[in-house]
K.L.:
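Below are the structure tokens for one structure; questions will follow.
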Amino acid sequence: MIKLSIAIADSNALPSAFVVFRGFEKFIPVAASMGYNGVELALKSASEINPRRLDLLLADTGIEVSCISTGQVFADTGLMFTDADPVRRKTLVAIFKEMIDLASGYGQLVNIGRVRGSITSGDNGDSQKRFVEMAQELCVYSAAKGVTLILEPVNRYEINFINSLEEGVELLNQVNEPNFKLMPDVFHMNIEDQTISGELKKYIDQVAYIHLADSNRLAPGQGHTDFESIFSSLKEVNYSGWCSVEILPRPNPITAARQAIDFLKPIIDDYNR
Ligand code: LER
Ligand code: MN
């Protein structure tokens with residue numbers, strides 16, 4: 001069974017927040033009325049969420065939180081897991097623990113995208129070691145709260161650390177915690193991975209969540225990514241979980257969200273039959 005979600009941030013989110021919708025109060029009801037099952041909350045801090053208000057919105061609309069994503073933490077603060085400065089890493093651990101506390105009530109998934117940080121050339125693996133240690137600490141904290149951390153491979157034009165699913169799985173193996181999984185994004189996979197369908201099938205046991213966008217990062221159906229093939233491959237290996245629409249809000253948020261669900265709903269309904 002696949003459930004469909006869409007990325008949303010607070011109304012005053014940074015321009016760099018990569019989401020379709022901005023404004024929980026306004027757009028959670030819009031996403032629900034379009035037929036989305038969930039919303040992915042893109043946050044820079046857990047304090048952006050008022051749980052009482054969110055509970056009301058979720059109850060009124062019947063929609064779920066699919067995941068909490070953290071790209072804005074990096075965009076807003078520049079903090080990263082690989083940072084050489086222990087004080088900055090400690091600040092990031094505290095921000096993440098609050099996100100994990102929030103996720104224990106909403107979605108039980110927290111992503112690690114660009115906030116993992118980059119690798120400084122010639123550092124002899126120190127950046128990676130810092131990542132592994134911090135991920136292990138946060139996995140232990142998350143496990144006690146029933147939360148899984150999900151690592152998103154991101155293409156080489158945005159970061160130099162973990163671009164492909166294969167690299168992601170190597171890092172998962174080093175961290176070696178049961179609640180550390182992958183969040184493939186088919187837009188990045190189109191740039192980095194040998195094939196999208198093949199790598200998704202190969203690593204499906206590690207896949208806990210999927211981002212969807214077409215080859216041009218518009219709504220699925222607007223570019224040349226073969227979504228029929230992706231979903232039939234996922235079906236072969238029985239993927240069950242969230243797929244989340246993370247696309248450019250073009251020509252405008254409503255049209256982009258509508259295009260995505262118009263294209264994906266028949267495919268997902270068929271998948272779930
Ligand atoms: C975040 O999910 C992502 O895919 C990044 O490309 C955003 O910069
Ligand atoms: Mn993504």
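Whatever order the structure lists ligands and atoms in, that order sets their numbers, starting from 1. If you're wondering where the values come from, they're calculated on a predicted model, not measured in any experiment.
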K.L.:
Output the atom name for the N/O/S atom of E152 with the smallest distance to the Mn ion (ligand 2).
P.N.:
OE2
K.L.:
Assess the side chains of S164 and D193: does a donor N or O sit below 3.5 Å from an acceptor N or O?
P.N.:
no
K.L.:
Anything under 30° is parallel, anything over 60° is perpendicular, the rest tilted; go ahead and classify F27 against F21.
P.N.:
parallel
K.L.:
Do NZ/NE/NH1/NH2 and the carboxylate oxygens of E152 and R114 come within less than 4.0 Å?
P.N.:
no
K.L.:
Answer yes if the ring centres of F96 and F81 are under 6.0 angstrom apart, and no otherwise.
P.N.:
yes
K.L.:
Please determine whether a side-chain nitrogen of the Lys or Arg among R217 and D185 lies less than 4.0 Å from a carboxylate oxygen of the Asp or Glu.
P.N.:
yes
K.L.:
As a test of reading the structure, name the N/O/S atom of E246 that is nearest the Mn ion (ligand 2).
P.N.:
OE1
K.L.:
Is any N, O or S atom of H211 under 2.8 Å away from the Mn ion (ligand 2)?
P.N.:
yes
K.L.:
Are any of the side-chain nitrogens in D55 or R52 under 4.0 Å away from the carboxylate oxygens of its partner?
P.N.:
no
K.L.:
Which N/O/S atom belongs to D185 and is the closest one to the Mn ion (ligand 2)?
P.N.:
OD2
K.L.:
Pairs of nitrogen or oxygen atoms, one from ligand 1 and one from the protein, closer than 3.5 Å: please tabulate them with distances.
P.N.:
from	atom 1	to	atom 2	distance (Å)
ligand 1	2 (O)	E152	OE1	2.7
ligand 1	2 (O)	E152	OE2	3.0
ligand 1	2 (O)	H211	ND1	3.3
ligand 1	2 (O)	E246	OE1	3.1
ligand 1	2 (O)	E246	OE2	2.5
ligand 1	4 (O)	E152	OE2	3.0
ligand 1	4 (O)	D185	OD2	3.1
ligand 1	4 (O)	H188	NE2	2.8
ligand 1	4 (O)	R217	NH2	2.7
ligand 1	4 (O)	E246	OE1	3.1
ligand 1	6 (O)	E158	OE1	3.0
ligand 1	6 (O)	E158	OE2	2.9
ligand 1	6 (O)	H188	NE2	2.9
ligand 1	6 (O)	R217	NH1	3.2
ligand 1	6 (O)	R217	NH2	3.0
ligand 1	8 (O)	R114	NE	3.3
ligand 1	8 (O)	E158	OE1	2.6

K.L.:
Do the side chains of E133 and R89 get close enough for a salt bridge, i.e. N-O under 4.0 angstrom?
P.N.:
no
K.L.:
Can you tell me which residue pairs pass the side-chain hydrogen bond (donor to acceptor under 3.5 Å, both in side chains) test with a partner in residues 256-267, sequence neighbours excluded?
P.N.:
K265-D269
